[in-house]
Structure formats: structure tokens, C-alpha cells
Amino acid sequence: MQASTANSERNNSAPLSGLPKRLVKDGLISEKDALDAVSEARESHKPLVNYLVHNLNLSESLIAVSLGREFGMPVFDVAALSPDSLPQKHINEELINQHRAVPIAVKGQKLFIALSDPTNTQAMDAYKFASGLRVEAVLAEELKLEALIQQAIAGADQSFGSDLDSSFDDLDIESEDDEDYNPDANAADETPVVRFVNKVLLDAIKRGASDIHIEPYEKVFRVRFRIDGILHEVANPPLAMSEKITARLKVMSRMDISERRVPQDGRIKLKLSKTRAIDFRVNTCPTLFGEKTVLRILDPSSAQLGIDALGYEPEQKELYLKALSNPYGMILVTGPTGSGKTVSLYTGLNILNTPDTNISTAEDPAEINLMGINQVNVNPKAGLTFAEALKSFLRQDPDVIMVGEIRDLETGGIAIKAAQTGHLVLSTLHTNDAPQTLSRLVNMGIPPFNIASAVTLIIAQRLGRRLCPHCKAEADIPREALLLEGFTEEQVDAPDLKIYKAVGCSKCTNGYKGRVGIYQVMPISEAIGRIVMEGGNAIDVADQAKAEGIDDLRQSALKKVLQGVMSLEEANRVTKD
């Protein structure tokens with residue numbers, strides 16, 4: 001007790017300076033409490049600002065204002081920053097944790113870092129040494145800085161060196177068609193590259209990316225993730241490492257690393273645990289300054305989402321389920337690459353996948369593996385085309401057949417005949433909307449009568465970014481502007497009309513989180529079938545579909561806007577005329 005009293009007396013006799021002196025001067029804390037805080041923060045090995053906010057409940061904003069006055073530094077609202085806007089090249093988990101300072105921007109040869117204690121000169125020295133740039137600090141409020149630190153560490157830390165977790169070396173990676181193949185056998189001297197590549201793959205999975213683009217240019221080398229349909233630059237590894245990184249990916253996917261003149265395809269399986277594995281479909285393409293590598297991330301769990309998670313309107317869902325319940329006929333899903341056609345088809349197959357149903361699929365390649373479904377990868381070089389696979393299926397007593405894509409007359413003709421002879425056939429085409437799909441089949445050379453009698457349902461779809469539920473804000477859009485966008489007067493004059501816009505917070509990417517499907521679900525009615533047989537075009541079919549109350553893609557997108565699921569800007573992006 002005596003020692004504690006003596007220690008307290010020594011602390012109270014010490015002169016105040018810097019931050020505690022300013023806080024006392026501004027009346028935020030008493031001199032005694034300031035002296036005790038300095039002592040206790042030192043003993044508990046906590047930064048003083050952190051101690052004041054968490055232990056004495058002082059206002060973080062008032063502390064930041066006082067610090068700004070004392071040290072002549074600007075206070076910056078780091079909560080307004082998006083994690084994607086941080087200079088990923090300079091994000092280093094070890095430095096962030098050690099110095100509680102986060103790089104927020106690079107301007108020319110100057111690196112700006114955010115910190116809550118301006119006396120932390122060690123942080124500035126450490127970042128100056130690590131980056132080779134001049135360093136300037138800006139003040140951040142303590143709690144907002146803590147949130148930014150978590151976001152920065154959770155983001156893509158793509159730097160080479162000791163800050164990468166050594167556990168990345170132990171990832172279980174398999175190449176296609178060879179379980180005994182060891183891609184690390186000749187990579188002992190490439191450990192930084194191995195760990196970097198593994199880190200990129202894991203970060204892409206964690207951030208929900210659908211594709212990884214690794215691109216060499218004349219003076220830079222960059223890595224981009226496609227998140228919610230939009231590409232984001234996440235790293236700029238040293239240009240000198242580009243060939244080694246590409247070679248590493250080619251080894252992992254069993255490509256010929258000596259061949260750099262022609263495109264190559266491969267596949268990687270990344271085992272995250274005993275129960276979960278992620279497949280990567282890999283493609284390389286020679287460019288002016290090296291090979292560009294694109295990895296498509298194939299997550300089998302996406303087929304387990306269920307039809308309710310895909311974004312169908314209730315009436316659209318019923319039409320799809322009704323078509324799936326038919327014992328025969330053809331269901332076609334159409335849309336551009338990356339619009340979610342495969343997930344829609346596999347959601348339907350998952351519903352049909354019961355012990356009493358024989359399901360076979362022909363794909364190029366099979367993207368999602370499902371137990372109970374017989375999947376075939378087409379191989380044109382070996383003579384296994386879609387048409388040949390279909391012929392084989394028809395000799396194996398099928399109930400349901402899925403064809404990855406109808407590309408030619410032979411495949412389309414066999415699929416149509418299968419649908420007419422007691423089989424349920426699912427497939428895809430690349431057209432802009434449902435009415436154009438019928439015209440495309442006619443242009444292939446398939447007789448209109450066969451199309452009208454076999455095709456039962458066409459689904460055209462797009463994927464749009466879903467508004468973040470945590471930060472979306474109501475948008476003020478004039479009535480006239482809404483009418484010009486395509487909303488009806490009834491919709492615009494509704495008393496509960498609310499349209500939201502993207503804002504951005506720590507839980508999303510620029511105001512968006514996840515994606516939602518936009519659909520045109522068009523059953524082939526007698527009237528539409530008659531138009532096809534009489535030689536009508538896509539415009540005639542579209543007019544008839546509208547008369548039957550079928551929403552086109554634009555109308556479906558506007559419904560998502562009215563539901564608060566999507567912003568008007570995003571609806572315009574994915575359904576432009």
C-alpha cells in the first residue's frame with residue numbers, strides 16, 4: 001500500500017506534456033486523472049489514446065480535435081474510406097499491428113498513414129523504411145482507426161515476405177486428373193511465390209470473388225478480383241515476379257510451362273478443409289508483355305443455395321418449378337457469360353436430383369460437382385462433342401438431360417428430339433433475352449414446328465449487385481425522372497415508394513454486397529408457338545409475351561429497385577437498351 005502511494009505521488013509530481021497537457025488545458029480531464037492515465041497506460045502497455053477512450057470513456061472525436069490543435073495536424077474521417085481504396089501494396093499486417101497505423105493513400109512519392117497518436121514517430125520511420133517513400137501522418141479518431149485496422153488486415157495483403165502466414169505453405173492443392181501430382185516438388189526455391197499465389201487464391205475466396213485476373217504490362221504487374229460482377233485492383237506485385245507467378249499457376253494446373261505462345265487451359269482443386277474444396281478453372285493467354293492468367297472460381301456450394309435465394313419473383317419461381325415438374329420438354333436459360341446460367345440450371349437439377357431419377361449432363365467443362373448426377377466433360381479433340389454425348393445419354397435410359405450449351409444444329413436437333421420423346425432437357429444459349437432465343441434456334445436450322453412443340457420455358461437472366469442492407473440510403477429522384485426510367489404512374493404515385501442508393505461502409509464494397517438475379521421467365525404459350533411456326537420474329541414474340549403479362553428484364557430490374565434490393569444506377573447498368 002505504501003509502495004502504491006509512493007508511486008502515485010511520484011506520478012502526480014511529474015510534469016505533464018504533449019497530449020495529456022492539452023487534454024487538461026481543454027478541460028477534458030483533470031490533472032490527477034491525466035497523470036494516472038499516463039502511468040496506467042504505460043504499465044498495461046497500451047497506447048495512451050486507446051487507454052483514454054476505452055478505460056476513461058473520453059470522446060474519441062474530442063481527443064482527436066485536441067491532438068490536432070496541439071500538433072497542428074488535420075483530423076481525417078477514416079470511416080469514409082472503402083477497404084478497396086487502401087494502397088494494398090503498402091498494407092502490411094505486421095506493421096499495422098505493431099504501430100497501429102494504416103496506409104490510406106499514395107500521392108506521388110508520399111505515403112499518407114492514419115494514426116491516433118501523433119507522437120508515434122516510430123510508425124512513420126517504419127513505413128518510410130518499408131515503402132521507400134516520404135511519409136506524412138494524418139490524425140484519426142481511435143475507434144474509427146480500430147475499425148479501419150480490422151478492415152485492412154481482413155483485406156488482400158498481397159506483399160511478399162515474412163508478413164505472409166506460413167500456414168499458406170501447407171494448403172492441400174491438387175491438379176486435375178492426377179491426385180498424386182505434387183505441384184510443390186520443384187518449388188522449394190520459390191517459397192515467396194508459392195505463398196503469394198496461395199494467398200491470392202484464399203483472399204479471392206474470402207472476399208467472394210468470381211474471377212481472378214493476373215495481368216502483366218510493360219511497366220506494371222497487377223492482380224484484380226471480380227467481386228459482385230465488377231473488377232477491383234487488389235495488388236501490384238513486383239514486375240520481375242510476373243513470369244514466376246505465371247509459371248507457378250501453370251504448374252499447379254498442369255499446363256506446359258515451356259509453352260508460352262498459345263493459350264492453355266487447366267484446373268486446380270484447393271482443399272480448404274476435409275469437407276470443403278474449391279475448384280479453379282485456369283486459362284492463360286499470351287499478351288504483348290507476358291501471359292495473362294484468368295482463374296474462374298467454381299464453388300460447389302453455390303448450387304445448394306436453393307431457388308428462393310436466386311431472386312425470382314413469386315410468379316417466376318412458380319413457372320420454373322412447373323416446368324421442372326414436367327416429365328418432358330426443354331427448359332432453356334440464356335444470358336451473357338457470367339450471368340449465373342449454370343447456377344440456375346444446377347439449382348433446377350438439385351431439385352430433380354432424387355434416387356428415382358437418372359440425370360446426365362454434358363458440359364465444357366463441368367463447373368459444379370453434384371453427387372447423384374452423371375457428369376461428362378466434352379472433349380472435341382477426342383471426338384466427344386455435345387452431340388456425341390447426347391447420343392450416348394439417350395442409350396442410357398435417362399430421365400433428365402442437361403447440355404452445357406446448344407452451339408450448333410446437330411446438338412440442337414438431338415436435344416429437341418430428346419425433349420419430344422419423353423425426356424426433360426435443360427440447356428443454355430447466348431442471347432440477349434427470351435424472345436431472341438426462339439429466333440436463334442430457327443436461324444440454326446431447327447424446324448419451327450419442332451421448336452414450338454419441344455421448348456416449354458425460356459429464362460433470360462442477368463446478375464445485378466445487391467445493395468448493402470447496412471448502409472443503403474433513400475434517394476431523392478424526381479417523379480418525372482422515374483417515369484422516364486420506365487416506372488408506371490401507379491408505381492411512382494404509391495404512398496410507400498422508397499428508392500435507395502449505394503453509400504458504402506465497412507461491411508460492403510462501395511455500397512453493394514452480393515448479387516441478385518434479374519429474370520425474364522417466358523413459358524411458350526400456344527400463341528407464342530403459333531408466332532414461331534408462322535415465321536414471326538423476336539419482336540412479334542416479345543409483343544405477345546408482354547400481352548400475356550410476362551415481365552422483360554428491364555421491368556424485372558425496376559421491381560428490384562422498388563423492393564429496395566437494387567439501386568436505380570445498378571438496374572441501368574445491367575439492363576441497358
Side-chain angles (χ1 to χ4, degrees), residues 88-89 156-207 209-226 231-272 277-298 365 367 377 381:
Q88 298 294 336
K89 181 179 179 180
D157 177 3
Q158 309 290 8
S159 56
F160 289 87
S162 60
D163 57 308
L164 290 175
D165 191 330
S166 61
S167 64
F168 296 139
D169 296 331
D170 302 324
L171 281 175
D172 190 357
I173 299 173
E174 291 182 2
S175 62
E176 190 176 29
D177 301 330
D178 192 348
E179 294 184 357
D180 298 326
Y181 182 66
N182 180 11
D184 293 325
N186 299 317
D189 59 339
E190 302 290 352
T191 299
V193 174
V194 170
R195 297 169 72 187
F196 172 77
V197 169
N198 291 350
K199 185 70 163 60
V200 168
L201 300 184
L202 284 177
D203 282 343
I205 294 169
K206 183 167 62 175
R207 296 180 65 178
S210 61
D211 301 87
I212 305 170
H213 291 241
I214 300 175
E215 305 163 312
Y217 295 95
E218 184 176 12
K219 296 182 179 179
V220 297
F221 182 47
R222 71 178 180 182
V223 178
R224 294 190 291 172
F225 291 168
R226 188 178 293 279
L231 282 170
H232 299 270
E233 186 170 324
V234 296
N236 294 103
L239 184 59
M241 304 301 293
S242 64
E243 290 188 5
K244 292 182 179 180
I245 291 172
T246 302
R248 168 63 181 168
L249 288 166
K250 292 171 76 172
V251 167
M252 292 167 67
S253 50
R254 295 222 61 192
M255 298 180 192
D256 182 355
I257 62 172
S258 65
E259 179 57 77
R260 302 177 183 177
R261 299 166 299 175
V262 296
Q264 296 188 64
D265 291 292
R267 200 177 181 104
I268 300 169
K269 180 184 288 292
L270 183 66
K271 290 188 176 180
L272 301 180
I278 303 291
D279 287 341
F280 295 83
R281 194 174 71 198
V282 188
N283 175 267
T284 63
C285 183
T287 67
L288 286 177
F289 304 104
E291 292 175 282
K292 172 176 177 174
T293 307
V294 176
L295 297 89
R296 167 67 59 89
I297 301 174
L298 310 172
E367 296 187 357
N377 278 337
K381 292 182 180 178

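All figures in this text were calculated on a predicted structure; none of them were measured in a lab.
- Closest non-hydrogen pair, R222 versus Y217, comes out as NH2-OH, 3.2 Å.
- Proximity of T293 to Q264: side-chain heavy atoms (C-beta onward) are nowhere separated by under 4.5 Å.
- The side-chain heavy atoms of V194 and K199, taken from C-beta on, include no pair separated by under 4.5 Å.
- Separating the CZ atom in F280 from the CG atom in D211 is a distance of 11.0 Å, to the nearest 0.5 Å.
- In terms of heavy-atom proximity, S210 sits nearest to R296 at O-CD, 3.4 Å.
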Given the rule in the salt bridge (charged side-chain N to carboxylate O under 4.0 Å, His left out) test, do R207 and D203 qualify, once you have shown the distances and angles that lead to the verdict? CA-CA 6 Å; R207 296 180 65 178; D203 282 343; over 6 Å; no
Give the intermediate values and the outcome of side-chain contact (heavy atoms from CB on, under 4.5 Å) for residues K244 and V197. CA-CA 10 Å; K244 292 182 179 180; V197 169; over 6 Å; no
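- More than 12 non-hydrogen atoms from other residues, nucleotides or ligands lie less than 6.0 angstrom from CZ of R281.
- The pair E259-K250 fails the salt-bridge criterion, with no side-chain N (NZ, NE, NH1 or NH2) lying under 4.0 Å from an Asp/Glu carboxylate O.
- Between V282 and D265, every side-chain heavy-atom pair lies at or beyond the 4.5 Å cut-off.
- Under the 4.5 Å side-chain criterion, counting only non-hydrogen atoms from C-beta, F289 is not in contact with V220.
- Residue P216 comes nearest to K292 through the heavy atom pair CD-CA, 4.0 Å, listed as atom of the first residue, atom of the second, then distance.
- With values rounded to the nearest 0.5 angstrom, E291 atom CD is found 6.0 Å from T246 atom OG1.
- By the 4.5 Å heavy-atom criterion applied to side chains, F225 and L231 are not counted as neighbours.
- From I257, atom CD1 reaches atom CD of E243 across 11.5 Å, with rounding to the nearest 0.5 Å.
- By the 4.5 Å heavy-atom criterion applied to side chains, V223 and P237 are counted as neighbours.
- Within a 6.0 Å radius of CG in L239, more than 12 heavy atoms belonging to other residues, nucleotides or ligands are found.
- The shortest non-hydrogen separation linking R261 to P286 is O-CG, 3.4 Å.
- E215 CD: more than 12 foreign heavy atoms inside a 6.0 Å radius.
- Here the closest heavy-atom approach between residue S253 and residue L249 is recorded as OG-O, 2.7 Å.
- The existence of a salt bridge linking R267 and D279 is confirmed by a sub-4.0 Å separation between a basic side-chain nitrogen and an acidic carboxylate oxygen.
- Note that CG of L295 is 11.0 Å distant from CG of L270, once rounded to the nearest 0.5 Å.
- Counting heavy atoms from C-beta outward, I278 and I297 have side chains that approach closer than 4.5 Å.
- To the nearest 0.5 Å, atoms CZ (R224) and CD1 (I214) are separated by 11.5 Å.
- Taking 4.5 Å as the limit, every side-chain heavy atom of I212 sits out of range of all side-chain heavy atoms of V294.
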